[in-house]
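The next block holds one structure in the form of structure tokens; read it before the comments.
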Amino acid sequence: KQWYQRRVAITAGGPHIDNLIEEIKEEWDKWDGRDGVADNQLTFDHFYIGFMAPYFGCYRCADSQLGLKALDMDNDGMIDWPEFKFYLVWAGRQYPNVETSNQLLDKAFRFGLIPAMKDECDKIRGKKRT
């Protein structure tokens, strides 16, 4: 968990990207605590409803579950803010000209999370073959 917290601590790509990430964090904070504890963690279902639904058709589908597992870097069954912010920082570095927080989210999902999900799927397939 420490390796990605350190990487996320580094600026995302300037003040503009940092501001977009802060807008996304404000939305995150609205969802945080709905499970009874404000702890910078979202349950899978709250993360799906709050952020992931536009990119994945249903919560219980295999693709959605793989996406959630790809985000859950510490395998604790929750999505932590640093785990999600890792993808936002990456997207901000790769696409510094995005104008809105929605565009940043879109880049993070389409070009960060979805490819990571494919890697997770490939790992699972590899385990089944052995």
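Side-chain atoms are counted along with the backbone in the values below, which use heavy atoms only and exclude waters and symmetry mates. Here the structure is a predicted model, which means the values were calculated and not measured.
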Please determine whether side chain to side chain contact (heavy atoms under 4.5 Å, CB included) holds for the pair Ile49 and Trp31, giving the CA-CA distance in whole Å, both sets of side-chain angles, and the decisive distance to 0.1 Å.
CA-CA 9 Å; Ile49 295 166; Trp31 287 96; 3.2 Å; yes

Spacing of [atom1] belonging to [X] relative to [atom2] belonging to [Y], to within rounding of 0.5 Å:
{"X": "Met52", "Y": "Phe44", "atom1": "CE", "atom2": "CZ", "result": "9.0 Å"}
{"X": "Asn102", "Y": "Glu23", "atom1": "CG", "atom2": "CD", "result": "8.5 Å"}
{"X": "Gln94", "Y": "Tyr87", "atom1": "CD", "atom2": "OH", "result": "13.5 Å"}
{"X": "Ser101", "Y": "Glu22", "atom1": "OG", "atom2": "CD", "result": "11.0 Å"}
{"X": "Asp18", "Y": "His16", "atom1": "CG", "atom2": "NE2", "result": "10.0 Å"}
{"X": "Leu88", "Y": "Glu83", "atom1": "CG", "atom2": "CD", "result": "12.5 Å"}

Give the intermediate values and the outcome of side chain to side chain contact (heavy atoms under 4.5 Å, CB included) for residues Trp81 and Asp29.
CA-CA 9 Å; Trp81 172 248; Asp29 289 342; over 6 Å; no

Could you walk me through whether Tyr95 and Val98 satisfy the side chain to side chain contact (heavy atoms under 4.5 Å, CB included) test, starting with their C-alpha distance in whole Å, then the side-chain angles of each, then the deciding distance to 0.1 Å, before giving a yes or no?
CA-CA 6 Å; Tyr95 304 96; Val98 295; 3.9 Å; yes

Listed partners of Glu27 passing salt bridge (charged side-chain N to carboxylate O under 4.0 Å, His left out), at least two apart
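In terms of salt bridge (charged side-chain N to carboxylate O under 4.0 Å, His left out), with neighbours along the sequence ignored, Glu27 is linked to Lys30.
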
What is the minimum heavy-atom distance between [X] and [Y], and which atoms define it?
{"X": "Leu104", "Y": "Gly92", "value": "CD1-N, 3.5 Å"}
{"X": "Phe56", "Y": "Met117", "value": "CE2-SD, 3.4 Å"}
{"X": "Asp32", "Y": "Val37", "value": "OD1-O, 3.5 Å"}

Kindly say whether Thr43 contributes a backbone atom to a donor-acceptor pair with the side chain of Tyr48 at under 3.5 angstrom?
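Judged by distance alone, no pair lies under 3.5 Å.
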
Flag this pair as yes if the NZ/CZ of Arg93 is under 6.0 angstrom from the six-membered ring centre of Trp90 and inside a 45 degree cone about the axis; otherwise no.
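No, Arg93 and Trp90 do not form such a contact.
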
With a 4.5 Å heavy-atom cut-off, do Asp72 and Met78 have their side chains touching?
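The answer is no, as the side chains (C-beta and beyond) never meet within the 4.5 Å cut-off.
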
Can you tell me which residue among Asn40, Leu42, Leu105 is in a side chain to side chain contact (heavy atoms under 4.5 Å, CB included) with Phe84?
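Single side chain to side chain contact (heavy atoms under 4.5 Å, CB included) partner of Phe84 among Asn40, Leu42, Leu105: Leu105.
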
Would you mind writing out the side-chain donor-acceptor pairs for residues 109-116 within the sub-3.5 Å range, not counting sequence neighbours?
from   : atom 1 : to     : atom 2 : distance (Å)
Arg110 : NE     : Asp106 : OD1    : 2.6
Arg110 : NE     : Asp106 : OD2    : 3.2

Residues in side chain to side chain donor-acceptor pair (under 3.5 Å) with Gln103, at least two apart?
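Once residues adjacent in sequence are excluded, Gln103 has no partner under the side chain to side chain donor-acceptor pair (under 3.5 Å) criterion.
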
Checking Phe86 against Met73 for the side chain to side chain contact (heavy atoms under 4.5 Å, CB included) test, could you report, in this order, the C-alpha distance in whole Å, the side-chain angles of both residues, the deciding distance, and whether it holds?
CA-CA 10 Å; Phe86 177 84; Met73 295 178 202; 3.6 Å; yes

